[in-house]
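Right, one structure below, let's go through it.
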Amino acid sequence: MTPRFDLIGMVVSDMAASLAFYRRLGLDIPAEADGLPHVEAVLPGGLRIAWDTEDTIRSFDPSWTPPTGDGRRDLAFLCDSPAEVDALYAELTAAGHTGHLKPWDAFWGQRYAVVLDPDGGGVSLFAPSAPAT
């Protein structure tokens, strides 16, 4: 048997705030999930993403402590156009989320921006800078 990548897991301080953020990015998460200790959503292609509260993690790993400093994970969301990158960045920051990198035309050929989720994790927004030829 060969293991297969199946789930991205995130530990969150505030489940409702985290899920609200990811709903703004288009993930289909029911509103009643806000009060749950563990939530999963299936992404296009079948990969799953899950959120667990800090208390849930401590329930089976009592020594767990939140990481400090800059995070090492970054989720990336492909947008339909450079204008969508700009609009989504503006929407998220207007809603109170921290902008880390304002939208810019990256040298690698993308319109690119980074917003921090409620737990400080980087979320990249990107689109090809020019239509593919």
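For the pair Pro37 and Met15, the tightest heavy-atom approach, listed with the atom from each and the gap, is O-CE, 3.6 Å. Taking every heavy atom of both residues into account, Ala17 and Pro118 meet most closely at O-CG, 3.5 Å. The two residues Val12 and Ser18 come nearest to each other via the heavy atoms CG1-OG, 3.4 Å. The two residues Pro128 and Pro82 come nearest to each other via the heavy atoms O-CG, 3.4 Å. The two residues Ala127 and Cys79 come nearest to each other via the heavy atoms CB-O, 3.5 Å. The nearest pair of heavy atoms linking Trp64 to Pro67 is CZ2-CD, 4.1 Å.
With hydrogens and angles disregarded, no donor-acceptor distance shorter than 3.5 Å links the side chain of Asp52 to the backbone of Thr56. In this structure, Ser129 contributes its side chain and Gln110 its backbone to a donor-acceptor pair below 3.5 Å.
With sequence neighbours left out, Pro44 forms a side chain to side chain contact (heavy atoms under 4.5 Å, CB included) with no residue at all. Contacts of Asp105 classified as salt bridge (charged side-chain N to carboxylate O under 4.0 Å, His left out), with partners at least two apart in sequence or in another chain: Arg111.
At least one side-chain heavy atom of Leu92 sits under 4.5 Å from a side-chain heavy atom of Leu125.
Sorted by first and then second residue, the ring-ring contact (aromatic ring centres under 6.0 Å, His included) pairs with a member in residues 101-121 read Trp104-Trp108, Trp108-Tyr112; sequence neighbours excluded. Applying the salt bridge (charged side-chain N to carboxylate O under 4.0 Å, His left out) test to residues at least two apart or on different chains, the pairs with a partner in residues 25-45 are Arg23-Asp34, Glu40-Arg48. Residues in residues 118-127 take part in no salt bridge (charged side-chain N to carboxylate O under 4.0 Å, His left out) pair, two or more places apart or across chains. The ring-ring contact (aromatic ring centres under 6.0 Å, His included) analysis of residues 76-101, with sequence neighbours excluded, yields the pairs Phe21-His97.
Under the 4.5 Å side-chain contact rule for hydrophobic residues, Val39 and Leu75 share a cluster. Both Leu36 and Trp51 belong to a common hydrophobic cluster when Ile, Leu, Val, Met, Phe, Trp and Tyr are linked at side-chain heavy-atom distances under 4.5 angstrom. Under the 4.5 Å side-chain heavy-atom criterion for grouping Ile, Leu, Val, Met, Phe, Trp and Tyr, Tyr22 is not connected to Leu116 through any hydrophobic cluster. No continuous path of hydrophobic side-chain contacts links Leu27 to Val42 [ILVMFWY only; heavy atoms under 4.5 Å].
Each of Thr93, Val123, Val115, Leu25 was scored for a side-chain contact (heavy atoms from CB on, under 4.5 Å) with Leu88, with one residue passing: Leu25.
Atom CG of Asp6 is separated from atom CD1 of Ile49 by 12.5 Å, given to the nearest 0.5 angstrom. Between the CG atom in Leu47 and the CZ atom in Arg4 there is a gap of 9.5 Å [rounded to 0.5 Å]. Atom CG in Leu19 sits 9.0 Å away from atom CG in Asp14 (nearest 0.5 Å). Of the inter-residue distances, the one linking Met10 atom CE with Thr53 atom OG1 reads 13.5 Å to the nearest 0.5 angstrom.
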